[in-house]
There are 2 protein chains.
Amino acid sequence: MTSRAETLSKLAEVFRAHGYEGASLARIGRATGLGKGSLYNLFPGGKAEMATCVLAEIDGWFETNLYAPLRAAERPGEAVAAMFDAVDAYFRSGRRVCLVGVVALGSERDRFGEAVRSYFARWVAALADALQRSGRDAAGSTALAEEIVVQIQGAIVLSRALDQPAVFSRAMTALRARAAAD
Amino acid sequence: MTSRAETLSKLAEVFRAHGYEGASLARIGRATGLGKGSLYNLFPGGKAEMATCVLAEIDGWFETNLYAPLRAAERPGEAVAAMFDAVDAYFRSGRRVCLVGVVALGSERDRFGEAVRSYFARWVAALADALQRSGRDAAGSTALAEEIVVQIQGAIVLSRALDQPAVFSRAMTALRARAAAD
DNA sequence: ATCAGTTTGTACCGATCGGTACAAACTGGA
DNA sequence: TCCAGTTTGTACCGATCGGTACAAACTGAT
């Protein structure tokens, strides 16, 4: 069953590019190469279920590749550095949008509210955990973790707005230094 | 001609709430209390012209209330502090979305590319100008200005995602301190 | 009061929306 | 080879999309 996973990633790109309301079934069908019959066979709940599954897959990817390593790392400092590598690759230096962030800004926020909240809350918590275990006090760790996630999201916005991936890269470089300091 | 200005602000709220694609003429008509006849009389170019005018009005508001004061201030430090006050009020502590930022993330970015680019470029430039005149070197001013705008945008995303306006307020407080320090 | 010019509501257009129905085409096990 | 069960394409549904046409209702100057 290769279809499901591949389809989800293509679905994600459609939602990323056009948002929930702009992701029409016609566009989805074109992007995935699947007709309505197949789509509704895979996702009986229609567009809402597609979006839910896409968000769940993204959430799972971040949990596996970012949050869990941050929480489990024996050398937290290296895990934080690895997170920045992963973030830079995943968001393609700001050229790729954060779908969860886009949902948070849109009118569909309430529909997917818990998924959105959990994704970001766990990101901040996992990062704060790693920062604290690398020698910071609890309050400072949480504050810095929150600021890092804020800057990642903001850097995506600004680098896309200015069409300058360098903006994203600069922000990541500065954050790496902040996280590594002391 | 009270209609035009009032209509634009109501239009802005519709675009903010639903994005360009989600802002249907039905919703726009409902929100403004105007029929299609009136809307196409005010904006012969249809939805695209409405969005262009809304972006232009927002741009004008920021130019007048933020950028110009930052560039003209005799006491740049106070102008920067005033900017944070204005930003906090305008974005209602993160409860209100930045329409230009939303457009930058969406598929309509290219259609309004120049407006989006200019809005953010002038924001960063005006802020960097004020920071430099308050005693910083040129490179540090630009870097800090960029980071401040990044954090404002990111704080809107995160505070909405977590449904915690306090996230936005904390970010603004920290940025005020960063900007005031030297 | 009249009338040109504007503003408004409404009916309507073809296209597309998300979703359903269902028969044809597949699939693997017996 | 056959057949139950799944997967697929396609036709179709009512609703809504952005946009147009146009006549009725307003407006202010004469």
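Note that these values count all heavy atoms, side chains included, but never hydrogens, waters or copies made by symmetry. So you know, we letter chains A, B, ... as the sequences are listed, proteins then strands, and number each from 1.
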*Asks:* Using 4.0 Å as the upper bound for N to carboxylate O, is an ion pair formed by Asp85(A) and Arg176(A)?
*Replies:*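 Yes, this pair counts.
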*Asks:* Taking only Lys NZ, Arg NE, NH1 and NH2, and the carboxylate oxygens of Asp or Glu, determine whether Arg170(A) and Glu147(B) approach each other closer than 4.0 Å.
*Replies:* no
*Asks:* Across all strands shown, which nucleotide pairs with dT2(C) by Watson-Crick or G-U wobble geometry, both distances under 3.5 Å?
*Replies:*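 Its partner is dA29(D) (Watson-Crick or G-U wobble, both distances under 3.5 Å).
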*Asks:* Would you check, one step at a time, whether the test side-chain hydrogen bond (donor to acceptor under 3.5 Å, both in side chains) holds for Gln153(B) with Gln153(A)?
*Replies:* CA-CA 7 Å; Gln153(B) 295 296 313; Gln153(A) 295 296 313; over 6 Å; no
*Asks:* Please list residues of residues 14-32 of chain A whose heavy atoms come under 4.0 Å from any atom in DNA chain D, ordered by number; otherwise none.
*Replies:*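 Heavy-atom contacts with DNA chain D come from no residue of residues 14-32 of chain A; none.
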*Asks:* Classify the angle between the aromatic ring planes of Phe91(A) and Phe62(A) as parallel (below 30°), tilted (30 to 60°) or perpendicular (above 60°).
*Replies:* tilted
*Asks:* Has Arg122(A) got a side-chain atom pairing as donor or acceptor with Tyr67(A)'s backbone, closer than 3.5 angstrom?
*Replies:*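 Side chain of Arg122(A) to backbone of Tyr67(A), a donor-acceptor pair under 3.5 Å: no, none is there.
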*Asks:* Answer yes or no: are there more than 12 heavy-atom neighbours, outside Glu74(A) itself, under 6.0 Å from its atom CD?
*Replies:*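 Check fails, neighbour count at 12 or below.
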*Asks:* From CG of Asn41(B) over to P of dT20(D), roughly how many Å is that when rounded to an integer?
*Replies:* 13 Å
*Asks:* So if I apply the side-chain contact (heavy atoms from CB on, under 4.5 Å) rule between Leu42(A) and each of Leu34(A), Leu8(A), Leu11(A), Thr32(A), which one comes out positive?
*Replies:*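 Testing Leu42(A) for a side-chain contact (heavy atoms from CB on, under 4.5 Å) against Leu34(A), Leu8(A), Leu11(A), Thr32(A) leaves exactly one candidate, Leu34(A).
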*Asks:* How many whole angstroms separate atom CG of Leu39(B) from atom P of dT7(C)?
*Replies:*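 So the CG-P distance, Leu39(B) to dT7(C), works out to 13 Å.
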*Asks:* If pairing requires Watson-Crick or G-U wobble contacts with both distances under 3.5 Å, which nucleotide is the partner of dC22(C)?
*Replies:* dG9(D)
*Asks:* Looking at Arg27(A) and Glu21(B), is any side-chain nitrogen of the basic one under 4.0 Å from a carboxylate oxygen of the acidic one?
*Replies:* yes
*Asks:* Tell me: CG of Leu34(B) to P of dG9(C), nearest whole Å?
*Replies:*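 So the CG-P distance, Leu34(B) to dG9(C), works out to 7 Å.
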*Asks:* Verify the contact: side-chain N or O of Ser38(A) to OP1 or OP2 of dT7(D), cut-off strictly under 4.0 Å; return yes or no.
*Replies:* no
*Asks:* Show each protein N/O and nucleotides 21-27 of chain C N/O combination with a separation under 3.5 Å, one pair to a line.
*Replies:*
none

